[in-house]
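Remarks on the structure that follows.
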Amino acid sequence: MARGEVPQTKVHYKGKDEDFIIFVEDVKAAKEWKTDKSIPLAQVVSAFKIFVTHNRGVQGTLNGASNATLENEFGTSVDEEVIKQILEKGTLQETESAERTGPRNDSMGTRAGH
């Protein structure tokens with residue numbers, strides 16, 4: 001597999017003032033959790049971290065969501081509770097990072113043919 005060619009699955013939630021993103025292990029795990037809440041969140045999410053894109057949708061720059069932002073949107077700043085709401089109400093999106101191409105080291109140091 002080429003460098004950078006790793007699929008990422010995220011859940012996008014369009015809030016009143018911000019767009020929120022969480023990363024999940026895969027689409028199947030997120031869908032299974034929606035029907036079976038006994039599945040631990042740790043098996044569904046990649047990290048207990050919530051990101052905001054500052055109204056740039058899915059493609060915006062990701063920054064960590066502040067507690068105040070979470071409180072304003074979800075009524076709580078407890079990551080686990082916010083993640084549950086995003087999983088329930090958000091949209092699943094699977095993306096694949098573009099493969100990195102091009103030279104890795106043009107000079108090759110002393111290994112370059114002279």
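Only this structure's heavy atoms are used, side chains among them; waters, hydrogens and symmetry mates stay out. Because the structure is predicted, anything quoted here is derived from the model rather than measured.
- Phe20 pairs in a side-chain contact (heavy atoms from CB on, under 4.5 Å) with only one of the listed residues (Val11, Leu70, Thr53), which is Leu70.
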Could you walk me through whether Thr9 and Phe23 pass the side chain to side chain contact (heavy atoms under 4.5 Å, CB included) check? CA-CA 6 Å; Thr9 305; Phe23 288 93; over 6 Å; no
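- At a threshold of 4.5 Å between non-hydrogen side-chain atoms, the residues Ile50 and Ile83 count as touching.
- Other residues, nucleotides and ligands place no more than 12 heavy atoms under 6.0 Å from the NZ atom of Lys28.
- Side-chain heavy atoms closer than 4.5 Å link hydrophobic residues (I, L, V, M, F, W, Y) into clusters, and following such links, even through other members, never connects Val78 to Ile22.
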Start with the C-alpha gap between Leu87 and Val24, add the side-chain angles, then the distance that decides, and say whether side chain to side chain contact (heavy atoms under 4.5 Å, CB included) holds. CA-CA 9 Å; Leu87 281 171; Val24 295; 3.8 Å; yes
Side chain to side chain contact (heavy atoms under 4.5 Å, CB included) for Asp19 and Val52? Distances and angles first, verdict last. CA-CA 6 Å; Asp19 290 297; Val52 292; over 6 Å; no
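- The distance from atom OG of Ser46 to atom NZ of Lys10, rounded to the nearest 0.5 Å, is 12.0 Å.
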Stepwise side chain to side chain contact (heavy atoms under 4.5 Å, CB included) test for Tyr13 and Gln85: CA-CA 9 Å; Tyr13 174 80; Gln85 290 186 49; 5.9 Å; no
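- Using modelled atom types, one side-chain atom of Glu73 and one backbone atom of Lys16 make a donor-acceptor pair closer than 3.5 Å.
- Cation-pi contact between Lys37 and Trp33: present, with separation from the ring centre below 6.0 Å and deviation from the ring axis of at most 45°.
- Here the CD atom belonging to Glu25 is positioned 12.5 Å from the CD atom belonging to Glu32, to the nearest 0.5 angstrom.
- By the neighbour-count criterion of 12 heavy atoms within 6.0 Å, atom NZ of Lys34 is densely surrounded, having more than that number from other residues, nucleotides or ligands.
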